[in-house]
Amino acid sequence: MNYFERTKIDDIVYDNIDDYQDVLVLGWVRTKRVTKNIAFIELNDGSTVHNLQIVALNPDKFPLDNINNGASIKVRGYLEKVEGREQSIEMKAEEIGVVGEAPSDYVLQKKRHTFEFLREIAHLRPRTSTLGVVNRFRSKMSYAVHKFFQERNFHYIHAPIITTGDAEGAGEMFRVTTIDPADPPRRNGGKIDFSRDFFGQETGLTVSGQLQAELLACALGDVYTFGPTFRAENSNTSRHASEFWMIEPEMAFCDLNEMNVLIEDFIKYLFQFALEEAEEEMKFFNDKIDEDRIEVLKSIIQSDFAHVSYTEAIDILKESGENFEFPVEWGADLQSEHERYLTEQHFKRPVMVTDYPKKIKAFYMRINEDEKTVRAVDCLVPEVGEIIGGSQREERLEVLERIMQEENMDLEKYDWFLDIRRYGTVPHSGFGLGFERILMYLSGMGNIRDVIPFPRTPGNAMF
Ligand code: 4AD
Ligand code: MG
């Protein structure tokens with residue numbers, strides 16, 4: 001193949017067009033139009049949303065009959081500016097070779113497909129403009145995440161995927177086992193004997209890398225994870241996936257207020273990066289998905305996030321006069337209708353809600369003096385709702401032990417987690433950002449299934 005010789009469409013520099021008198025491009029045909037004297041091919045090579053227009057002046061000379069939409073081809077020729085059209089380039093073909101044919105039953109013909117239909121052909125949809133843009137955007141924003149933390153001397157750590165504990169305590173772990181489901185080993189009394197399973201105990205896919213991130217933060221200072229997490233949560237919504245990517249920073253010697261400054265910096269950094277370094281993608285989203293997108297991001301970068309305690313939030317909701325489906329009551333978790341009211345109607349910008357009731361949050365959050373609330377924070381944004389959940393951690397050994405006992409947890413099983421509090425304990429804080437949720441917000445894409453290449457949701461694990 002001519003892998004190293006080819007020119008990628010995105011690398012072509014308009015102003016240096018004279019440098020492209022003998023170039024080779026490799027890609028997939030989006031459309032073809034042939035007349036007697038001239039043929040046009042729109043070629044896309046995956047490097048950019050823009051197609052390169054290939055012009056074949058003597059159509060008879062080229063194997064155009066074998067080139068349908070979807071075919072992969074290689075084209076040698078020279079580039080020219082297109083008169084009259086701004087920054088537009090076309091390629092005059094001298095040689096066209098077919099790499100892989102595509103029979104005429106290729107499903108992505110030139111017409112609009114719904115996002116629902118495209119999910120059914122998730123193996124081919126990256127070849128559409130929108131999913132191409134989404135996947136390149138994911139890549140750029142992943143880089144932005146690393147860039148933000150690396151510039152601040154955070155260490156990127158890898159938390160295990162296979163774990164033994166449900167970090168969030170929500171009972172949403174997928175089981176990992178090699179036990180034969182048809183003939184599991186049993187204890188006397190009939191219960192399955194997991195001591196004879198692969199790891200000698202019950203294991204599952206991680207729901208969060210937080211507990212391990214805490215261990216590493218209490219050795220390396222500032223750390224972050226960025227990896228897949230799994231939730232066997234039966235939520236069939238446009239914002240929930242069973243497998244999603246989470247970014248989890250954890251900072252030693254850091255309290256909640258200090259972390260909240262970091263959260264706001266981080267979100268704004270990602271927005272700024274998208275506007276500056278993913279210009280092509282943001283322009284596409286603004287043109288095709290949501291015409292306000294760029295303005296929305298710019299206004300958030302300039303505004304301050306709102307801050308409110310859970311207790312204040314409850315008061316705001318009670319005084320709103322809204323007719324919510326779920327009742328508003330101190331002690332109950334905020335439902336997405338409540339979250340959306342706060343961020344969309346009341347504050348009209350991102351809002352950080354802190355100090356939630358202990359009863360509705362995970363065991364590891366630091367207890368406030370009132371003994372009723374914990375140092376938790378959720379960051380809510382318009383349209384998407386919760387994008388971040390985090391907290392200051394309970395670093396006081398006796399307090400943590402007491403809470404775990406109250407929640408009937410097996411302290412022995414978490415001995416390693418308690419050791420961190422036993423030896424040189426420090427105040428520390430961390431949060432989790434759902435990568436797909438922030439991509440949805442940045443792009444205006446309305447369904448989480450369309451910002452991840454191969455979504456896993458209840459009832460679906462295709463491809
Ligand atoms: O609020 P969560 O459950 O928090 C944690 O897992 C903490 N251990 C994080 C930490 O403190 N290190 O999840 C964090 C974020 C949510 O705010 C949301 O953005 C995203 O992860 N998230 C999901 N995204 C897509 N699909 C799901 N099913 C999600 N569940 C959570
Ligand atoms: Mg949460």
Side-chain angles (χ1 to χ4, degrees), residues 138 145 149 154 157 159 163 165-174 205-217 222-252 254 256 259-260 262-263 266-267 270 310 333-336 338-339 343 350-354 356-357 360-366 374-381 383-394 417 428-442 445 447-452 455-458 460:
R138 255 190 99 97
V145 166
F149 288 113
F154 278 59
I157 55 154
T163 54
D166 178 352
E168 291 305 295
E172 291 165 348
M173 284 236 283
F174 285 102
L205 296 177
T206 185
V207 297
S208 157
Q210 179 195 319
L211 302 191
Q212 292 85 5
E214 282 191 47
L215 308 184
L216 281 148
D222 292 329
V223 301
Y224 69 105
T225 72
F226 185 4
T229 46
F230 308 86
R231 305 241 170 134
E233 176 184 16
N234 208 354
S235 302
N236 232 325
T237 80
S238 58
R239 306 174 306 119
H240 287 88
S242 315
E243 175 178 309
F244 62 97
W245 284 65
M246 189 154 44
I247 297 129
E248 294 187 273
E250 191 74 33
M251 290 77 65
C254 179
L256 189 76
M259 177 171 80
N260 286 347
L262 189 80
I263 290 179
F266 180 41
I267 300 289
L270 295 181
Y310 167 89
D333 209 355
L334 297 182
Q335 299 296 323
S336 96
H338 307 139
E339 297 181 338
T343 173
V351 49
M352 316 263 267
V353 184
T354 58
Y356 281 78
I360 56 172
K361 289 291 182 186
F363 72 95
Y364 50 69
M365 298 189 179
R366 196 176 200 278
V374 288
R375 296 248 73 192
V377 62
D378 273 9
C379 179
L380 316 175
V381 297
E383 297 150 59
V384 180
E386 178 193 333
I387 55 168
I388 281 178
S391 71
Q392 183 169 339
R393 319 305 189 191
E394 185 53 78
F417 193 65
H428 58 289
S429 303
F431 67 90
L433 169 70
F435 189 50
E436 286 74 21
R437 297 257 177 105
I438 189 112
L439 291 179
M440 289 174 72
Y441 191 66
L442 286 162
M445 297 286 289
N447 197 306
I448 197 166
R449 293 164 181 79
D450 302 323
V451 296
I452 186 165
R456 271 79 182 96
T457 48
N460 174 48

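Numbering of ligands and ligand atoms starts at 1, following listing order.
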Please verify the inter-ring angle class for Tyr356 with Tyr310; under 30° counts as parallel, over 60° as perpendicular, anything in between as tilted. tilted
Which class fits the ring pair Phe431 and Phe266: parallel under 30°, tilted 30 to 60°, perpendicular over 60°? tilted
Give yes or no for whether the N/O distance cutoff of 3.5 Å, strictly under, is met between Glu250 and ligand 1. no
Polar contacts were defined as any N/O atom of the residue lying under 3.5 Å from an N/O atom of the ligand; does this apply to Leu433 and ligand 1? no
Do you see a donor-acceptor pair shorter than 3.5 Å between the side chains of Tyr364 and Gln210? yes
Could you see which bit of [X] sits under 4.0 Å from ligand 1, with heavy atoms only: side chain, backbone, both or neither?
| X | value |
| --- | --- |
| Phe431 | backbone |
| Ile448 | side chain |
| His240 | both |
| Arg239 | backbone |
| Glu243 | neither |
| Phe435 | neither |
| Arg437 | side chain |
| Glu168 | side chain |

Heavy-atom gap [X] to ligand 1 smaller than 4.0 Å:
| X | value |
| --- | --- |
| Tyr364 | yes |
| Ser391 | no |
| Glu436 | no |
| Met440 | no |

Suppose we measure from [atom] to each protein heavy atom; which comes out shortest, and what is that distance?
| atom | result |
| --- | --- |
| atom 14 (C) of ligand 1 | Met246 SD, 3.4 Å |
| atom 26 (N) of ligand 1 | Ala241 N, 3.0 Å |
| atom 24 (N) of ligand 1 | Phe244 CD1, 3.5 Å |
| atom 16 (C) of ligand 1 | Glu386 OE2, 3.2 Å |
| atom 6 (O) of ligand 1 | Arg231 NH2, 2.9 Å |

Candidate with minimal heavy-atom separation from atom 9 (C) of ligand 1, of Met365, Gln392, Glu248: Glu248
Any Arg138 side-chain heavy atom under 4.5 Å of Phe435 side chain: yes
Residue and atom names of protein N/O/S atoms that fall under 2.8 Å from the Mg ion (ligand 2): Glu386 OE2
Take Glu168 and Arg231 through the test salt bridge (Lys or Arg N to Asp or Glu O under 4.0 Å) and record every step on the way to the result. CA-CA 10 Å; Glu168 291 305 295; Arg231 305 241 170 134; 5.2 Å; no
Is the Phe174-Phe230 ring centre distance short of 6.0 angstrom? no
What are the two closest heavy atoms between Gln212 and Thr163, and how far apart are they? NE2-CG2, 3.8 Å
Looking only at heavy atoms, the pair that brings Arg449 and Pro455 closest together is O-CG, 3.6 Å
